[in-house]
2 protein chains.
Amino acid sequence: MSSRTSHRSAPAHTHPDDVAVQTALAALADPVRLRLVRELAKAEDWTRTCGSFDVPVGKAACSHHFAVLRAAGLVEQRDEGARRLNRLRRAEFDARFPGLLDLVLREDG
Amino acid sequence: MSSRTSHRSAPAHTHPDDVAVQTALAALADPVRLRLVRELAKAEDWTRTCGSFDVPVGKAACSHHFAVLRAAGLVEQRDEGARRLNRLRRAEFDARFPGLLDLVLREDG
DNA sequence: CGGAGTGTAAGATCGGCGTCGAACACTCGC
DNA sequence: GCGAGTGTTCGACGCCGATCTTACACTCCG
């Protein structure tokens with residue numbers, strides 16, 4: 001058999017090119033998601049797991065927020081063993097919405 | 001007394017500089033408001049009245065949306081006689097959130 | 001195998017926002 | 001002054017989204 005590590009269904013991703021502006025704006029308009037994106041931006045790619053973020057919500061809500069970010073083309077997720085690693089889609093998202101990511105990241109440092 | 005045309009209380013404006021990113025994003029994340037902003041962008045300053053927009057909502061809701069846009073520093077309003085004229089705060093808003101307005105206006109032409 | 005860790009899914013709740021209808025305020029023109 | 005036109009305010013309603021709790025699935029490790 002494929003000796004790959006995961007039998008889990010890979011999460012459904014949406015490419016930024018297929019995302020409407022409204023969706024992108026709505027995704028970033030939430031305080032929790034904004035924190036996730038900003039914190040994710042400071043980290044190396046594929047280093048942060050879903051539960052490693054300092055947000056004032058339970059893990060279920062956090063999982064939900066990552067699903068929204070995924071659907072907005074903002075993050076990419078990859079399964080590695082029991083953990084699900086994340087990566088901010090900087091270049092792709094910026095190509096689709098030039099300046100938007102810079103804008104939300106530059107705010108408040 | 002002051003012989004000015006209006007006894008009406010001038011609407012309270014918020015300068016883009018005093019607006020949080022979240023507020024700006026949330027303001028633009030609504031479909032109706034997005035239409036208002038886009039349509040307003042195509043028009044000359046101080047030419048469009050609140051009720052002259054082709055949006056699928058009643059005038060009460062429309063008035064509400066303009067209040068939100070005002071609070072987000074996106075539009076400026078001025079009373080002229082019985083009508084309330086609008087203007088998109090292009091330069092000021094773009095100075096505060098570089099590229100954001102261009103982004104939402106470039107979409108869909 | 002069995003337990004610990006991690007993430008998702010389902011169901012329920014709750015608050016907020018968008019909407020409407022009606023009432024009110026103001027301006028203009030007759 | 002009176003009516004028409006324009007816009008805001010208020011109360012109520014409905015819906016969507018954010019959250020929690022619980023239960024389940026999967027992986028790693030002892």
Side-chain angles (χ1 to χ4, degrees), chain A residues 1-13 22-37 40 46-72 75-87, chain B residues 1-13 22-37 40 46-72 75-87:
Chain A
M1 318 296 252
S2 92
S3 57
R4 261 1 236 120
T5 30
S6 175
H7 292 173
R8 229 184 323 196
S9 56
H13 286 91
Q22 297 226 169
T23 308
L25 295 176
L28 292 169
D30 181 90
V32 174
R33 288 193 288 266
L34 203 45
R35 274 178 78 163
L36 293 176
V37 168
L40 195 52
W46 308 121
T47 60
R48 302 296 303 268
T49 84
C50 186
S52 75
F53 289 87
D54 181 27
V55 284
V57 296
K59 61 175 182 175
C62 193
S63 176
H64 161 68
H65 284 304
F66 266 98
V68 174
L69 292 176
R70 231 165 44 215
V75 306
E76 189 178 359
Q77 297 188 309
R78 189 184 101 203
D79 284 348
E80 176 150 326
R83 298 174 311 164
R84 179 159 287 189
L85 300 176
N86 298 283
R87 168 195 158 248
Chain B
M1 308 314 237
S2 91
S3 56
R4 262 359 240 119
T5 28
S6 174
H7 292 175
R8 227 182 326 191
S9 56
H13 285 90
Q22 296 222 172
T23 309
L25 295 176
L28 292 169
D30 180 90
V32 174
R33 287 194 287 268
L34 203 45
R35 274 178 77 163
L36 292 177
V37 168
L40 194 53
W46 309 122
T47 59
R48 303 295 303 268
T49 84
C50 186
S52 75
F53 289 86
D54 182 26
V55 283
V57 296
K59 60 176 182 175
C62 193
S63 178
H64 162 67
H65 284 306
F66 266 98
V68 174
L69 292 176
R70 232 165 42 216
V75 306
E76 188 178 359
Q77 298 188 308
R78 191 184 100 203
D79 284 348
E80 176 151 322
R83 298 175 310 165
R84 180 159 288 190
L85 300 177
N86 299 282
R87 166 193 159 250

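To find a chain, count down the sequence lines: A is the first, B the second, and so on, and within it residues start at 1. Nothing here was measured: the structure is a model prediction, and the numbers come from that model.
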- Quick one: does A:Arg78's side chain get under 4.5 Å of A:Glu76's, heavy atoms only?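 A:Arg78 vs A:Glu76: side chains apart.
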- Are A:Thr49 and A:Leu85 side-chain neighbours, meaning at least one heavy-atom pair lies under 4.5 Å?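 SC-SC contact between A:Thr49 and A:Leu85 confirmed.
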Could you check how far [atom1] of [X] sits from [atom2] of [N], rounded to whole Å?
X: A:Leu36; N: D:dA18; atom1: CG; atom2: P; answer: 12 Å
X: A:Gln77; N: D:dC26; atom1: CD; atom2: P; answer: 18 Å
X: B:His65; N: D:dT9; atom1: NE2; atom2: C1'; answer: 16 Å
X: B:Asp79; N: D:dG5; atom1: CG; atom2: P; answer: 20 Å
X: B:Arg35; N: C:dG18; atom1: CZ; atom2: P; answer: 16 Å
X: B:Leu69; N: C:dC17; atom1: CG; atom2: P; answer: 15 Å
X: A:Arg33; N: D:dG17; atom1: CZ; atom2: P; answer: 10 Å
X: A:Arg78; N: C:dT6; atom1: CZ; atom2: C1'; answer: 16 Å

What are the two closest non-hydrogen atoms of [X] and [Y], and how far apart are they?
X: A:Arg87; Y: A:Leu40; value: C-CD2, 4.2 Å
X: B:Ala27; Y: B:Ala72; value: CB-CB, 3.6 Å
X: B:Ala26; Y: B:Arg33; value: O-NH2, 3.3 Å

- Item | A:Ala61 or B:His64, whichever maps to the more 5' nucleotide of DNA chain D |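 Counting from the 5' end, the first nearest nucleotide belongs to B:His64.
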- Task: Kindly write out the residues that satisfy side chain to side chain donor-acceptor pair (under 3.5 Å) with B:Arg35, not counting sequence neighbours, or none if the list is empty.
- Result: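 Side chain to side chain donor-acceptor pair (under 3.5 Å) check on B:Arg35 returns nothing, list empty.
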[X] side chain near [N] phosphate (N/O to OP1/OP2, under 4.0 Å):
X: B:Arg83; N: C:dC28; value: no
X: A:Arg84; N: C:dT8; value: yes
X: B:Thr49; N: D:dT6; value: no

Proximity to the side chain of [X] - top-ranked nucleotide from [options]:
X: B:Ala82; options: D:dG5, C:dG18, D:dT27; result: D:dG5
X: B:Ala60; options: D:dT6, C:dC20, C:dT8; result: C:dC20
X: B:Lys59; options: D:dG7, C:dT19, D:dT19; result: D:dG7

- Item | Overall bend - the helix from C:dC1-D:dG30 to C:dC30-D:dG1, comparing terminal axes fitted on five pairs, nearest 10 degrees |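 Computed angle between terminal axes is 20°.
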- Item | CG on A:Leu25 to CG on B:Leu34, rounded to 0.5 Å |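 If I round to the nearest 0.5 Å, the distance is 7.5 Å.
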